[in-house]
Amino acid sequence: SSAGAALVSVSGPSSSSGIAPQIIAAPVDTRNNATPFSGQVGFDEKQGVVLLSSLTIDGGGTIAAGVRVNSHMIYLERLRGEGQPAVVRHHDVEWTFDGPVLGVMSSQGGGREAASRSVLGLDGTAYAQFSNRGMESNDGYTIDGSTLTVNMRVTEPGDWIRVVTLAPDVRTESVPENGGWLLGAISVLSMAALRRRLGRKAA
């Protein structure tokens, strides 16, 4: 998929630095102060990945092996430099995707994001390696189907989180007609599991 195809839209107020949230093209470098933004930004990572093993998400849940997913990164950082505020806040930012949100990886130390990077991160993009780069007690999010509402408050270095959404399964386009009952059964089981996962709160 082309950049920006899966992250459909973003809306919400500007950050405390006066920067509106925005969808950006995948950057070469996402490390601290590598991009000149002090508002929430998001970009698409790998798309249409069929998981070979399960992935751990917030709340102690997992996304099962065999699920086809799209990956996205959302982050907010405080820029260094004279005149920059000590704290940057960006609340009530609504990110809308082209598929249901299956889970978020936002652990404070960035461990879940780092663990999934080789599978879902973009080749050629440098990712943040700082400790305390995930969400803390002043941060949070809510999931409502294909919409994720994010609140972030950062000092240094900032918050980087990965969002995983359900991708269309292109294999269903070539399934013979007599395989329809199997697809239907898989869909029912998948959506039942999805409803259970979306009901969990982030840890």
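No hydrogens, no waters, no symmetry mates; every other heavy atom, side chains included, goes into these values. The residues of the chain are indexed from 1 along the displayed sequence.
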Measure the spacing between [atom1] of [X] and [atom2] of [Y] and express it to the nearest 0.5 Å.
X: Ser106; Y: Trp160; atom1: OG; atom2: CH2; value: 14.0 Å
X: Leu7; Y: Ser71; atom1: CG; atom2: OG; value: 10.0 Å
X: Arg162; Y: His72; atom1: CZ; atom2: NE2; value: 10.5 Å
X: Ser15; Y: Arg153; atom1: OG; atom2: CZ; value: 14.0 Å
X: His91; Y: Met152; atom1: NE2; atom2: CE; value: 10.0 Å
X: Arg112; Y: Ile161; atom1: CZ; atom2: CD1; value: 12.0 Å

Side chains of [X] and [Y]: does their closest heavy-atom pair fall under 4.5 Å?
X: Val154; Y: Glu77; answer: no
X: Asn151; Y: Asp92; answer: yes
X: Asp98; Y: Asn70; answer: yes
X: Phe97; Y: Leu166; answer: no
X: Leu55; Y: Met105; answer: yes
X: Tyr141; Y: Val163; answer: no
X: Gln40; Y: Val10; answer: no

Anything under 3.5 Å between a donor and an acceptor, one on a side chain of residues 118-127, the other on a protein residue two or more places apart or in another chain? List them.
residue : atom : partner : partner atom : Å
Thr125  : OG1  : Pro27   : O            : 2.9
Tyr127  : OH   : Glu45   : OE2          : 2.6
Tyr127  : OH   : Leu122  : N            : 2.8

Sequence neighbours excluded, the answer for ring-ring contact (aromatic ring centres under 6.0 Å, His included) partners of His90 is none
Correct closest heavy-atom pair for Pro13 and Pro21 would be O-CD, 3.4 Å
Residues pairing under ring-ring contact (aromatic ring centres under 6.0 Å, His included) where one sits in residues 39-69, two or more places apart or in two chains, turn out to be none
For [Y], does its backbone N or O pair with a side-chain atom of [X] as donor and acceptor, under 3.5 Å?
X: Ser17; Y: Ile19; answer: no
X: Ser16; Y: Arg89; answer: yes
X: Arg68; Y: Ala167; answer: no

